[in-house]
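Numbers here simply count residues along the sequence, with the first being 1.
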Amino acid sequence: QVQLVESGGGLVQAGGSLRLSCAASGLPFSNYAMGWFRQAPGKEREFVARITWTGDTTYYADSVKGRFTISRDNAKNTVYLQMNSLKPEDTAVYYCAADKDKSPRVRTSIRSYEYWGQGTPVTVSS
């Protein structure tokens with residue numbers, strides 16, 4: 001049974017930082033590209049960041065570029081999202097997701113991802 005478990009969310013002031021983690025089990029983690037998405041209240045789930053299965057290529061939404069960093073540790077079956085310079089508009093539930101596609105294509109659609117975590121909430125106060 002595949003499980004993706006996010007952690008690290010919480011309440012932070014604007015300008016602060018958080019590091020999200022997503023621990024994977026039940027799948028060959030190193031063979032999957034990983035992504036982070038977020039969903040704010042009343043809005044659709046949106047793409048945040050993606051890292052290839054090798055970890056050598058990353059891609060970010062324009063709204064987080066330069067502030068967020070995605071990384072992975074295949075030995076620990078874990079993907080991370082370091083979030084700096086947080087803004088109130090970053091408030092959302094953050095989800096990690098796994099995509100078995102090994103191509104270098106940038107895949108930002110939620111339909112491209114096979115497995116999803118339950119999400120971790122992030123609240124940024126002004």
Side-chain angles (χ1 to χ4, degrees):
Q1 181 180 359
V2 175
Q3 281 194 312
L4 301 178
V5 180
E6 301 96 335
S7 61
L11 174 63
V12 64
Q13 288 188 331
S17 298
L18 282 175
R19 188 194 195 203
L20 306 184
S21 300
C22 171
S25 61
L27 78 170
F29 179 77
S30 60
N31 287 350
Y32 279 72
M34 298 297 295
W36 284 97
F37 289 74
R38 66 186 181 186
Q39 188 166 16
K43 295 188 176 181
E44 293 187 351
R45 193 169 300 188
E46 65 175 4
F47 171 81
V48 174
R50 174 183 172 92
I51 187 166
T52 55
W53 64 289
T54 57
D56 59 358
T57 303
T58 57
Y59 184 77
Y60 300 92
D62 288 342
S63 58
V64 307
K65 200 171 296 181
R67 300 188 298 122
F68 291 11
T69 302
I70 188 172
S71 61
R72 66 189 298 159
D73 185 338
N74 286 346
K76 295 182 178 180
N77 286 3
T78 301
V79 62
Y80 305 97
L81 186 68
Q82 178 67 44
M83 306 187 295
N84 299 329
S85 302
L86 282 160
K87 305 175 181 180
E89 51 264 43
D90 294 319
T91 295
V93 177
Y94 283 72
Y95 299 88
C96 69
D99 177 10
K100 63 184 177 183
D101 188 273
K102 287 189 172 182
S103 73
R105 293 177 297 171
V106 177
R107 289 158 60 93
T108 62
S109 169
I110 60 175
R111 290 182 291 275
S112 298
Y113 292 77
E114 187 175 359
Y115 300 108
W116 290 84
Q118 83 290 346
T120 185
V122 171
T123 302
V124 184
S125 63
S126 57

Tell me whether [X] contacts the main-chain N or O of [Y] through its side chain, where contact means a donor paired with an acceptor under 3.5 Å.
X    : Y    : answer
R72  : G55  : no
R107 : S112 : yes
T108 : F47  : no
R67  : S63  : yes
T78  : K76  : yes

Q.
Applying side chain to side chain contact (heavy atoms under 4.5 Å, CB included) to Y59 and I70, what does each step give before you reach the verdict?
A. CA-CA 9 Å; Y59 184 77; I70 188 172; over 6 Å; no
Q. Counting heavy atoms not belonging to K100, are there more than 12 under 6.0 Å from its NZ?
A.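 For K100, atom NZ is not crowded (no more than 12 foreign heavy atoms under 6.0 Å).
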Q: Could you check T69 against Y80 for side chain to side chain contact (heavy atoms under 4.5 Å, CB included), going step by step and ending with a plain yes or no?
A: CA-CA 8 Å; T69 302; Y80 305 97; over 6 Å; no
What distance do [X] atom [atom1] and [Y] atom [atom2] have between them, rounded to the nearest 0.5 Å?
X    : Y    : atom1 : atom2 : answer
N74  : M34  : CG    : CE    : 10.0 Å
R45  : I110 : CZ    : CD1   : 6.5 Å
S103 : W53  : OG    : CH2   : 11.5 Å

Q. Can you check side chain to side chain contact (heavy atoms under 4.5 Å, CB included) on V79 and W36, steps first, answer last?
A. CA-CA 9 Å; V79 62; W36 284 97; 3.9 Å; yes
Would you list the atom pairs, donor with acceptor, under 3.5 Å between side chains in residues 3-10 and any protein atom, with sequence neighbours excluded?
from	atom 1	to	atom 2	distance (Å)
E6	OE1	Q118	N	3.0
E6	OE1	Q118	NE2	3.4
E6	OE1	G119	N	2.9
E6	OE2	C96	N	2.9
E6	OE2	G119	N	3.3

Q) Does the ring centre of F37 sit less than 6.0 Å away from the ring centre of Y113? A)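 Yes, the ring of Y113 comes within the 6.0 Å limit of the ring of F37, centre to centre.
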(Q) Between K65 and D62, does any side-chain N to carboxylate O distance fall below 4.0 Å? (A)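 Salt bridge flag = yes for D62 with K65.
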Q) Between V48 and L81, does a side chain to side chain contact (heavy atoms under 4.5 Å, CB included) hold up when you go through it step by step? A) CA-CA 10 Å; V48 174; L81 186 68; 4.2 Å; yes
Q.
Quick check: is M83 connected to L11 through a chain of hydrophobic side chains (ILVMFWY, heavy atoms under 4.5 Å apart)?
A.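 Each belongs to a different hydrophobic cluster.
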Name every donor-acceptor pair, under 3.5 Å, that has one atom in a side chain of residues 15-33 and the other anywhere in the protein, sequence neighbours excluded.
from	atom 1	to	atom 2	distance (Å)
S17	OG	N84	OD1	2.9

Q) Do the side-chain N and O atoms of R38 and Y94 include a donor-acceptor pair separated by under 3.5 angstrom? A)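 There is such a pair between these side chains.
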**Q.** Any L86 side-chain heavy atom under 4.5 Å of F68 side chain
**A.**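 Touching, per the 4.5 Å side-chain cut-off.
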Q) Any side-chain heavy-atom pair from Y95 and V93 closer than 4.5 angstrom? A)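 In contact.
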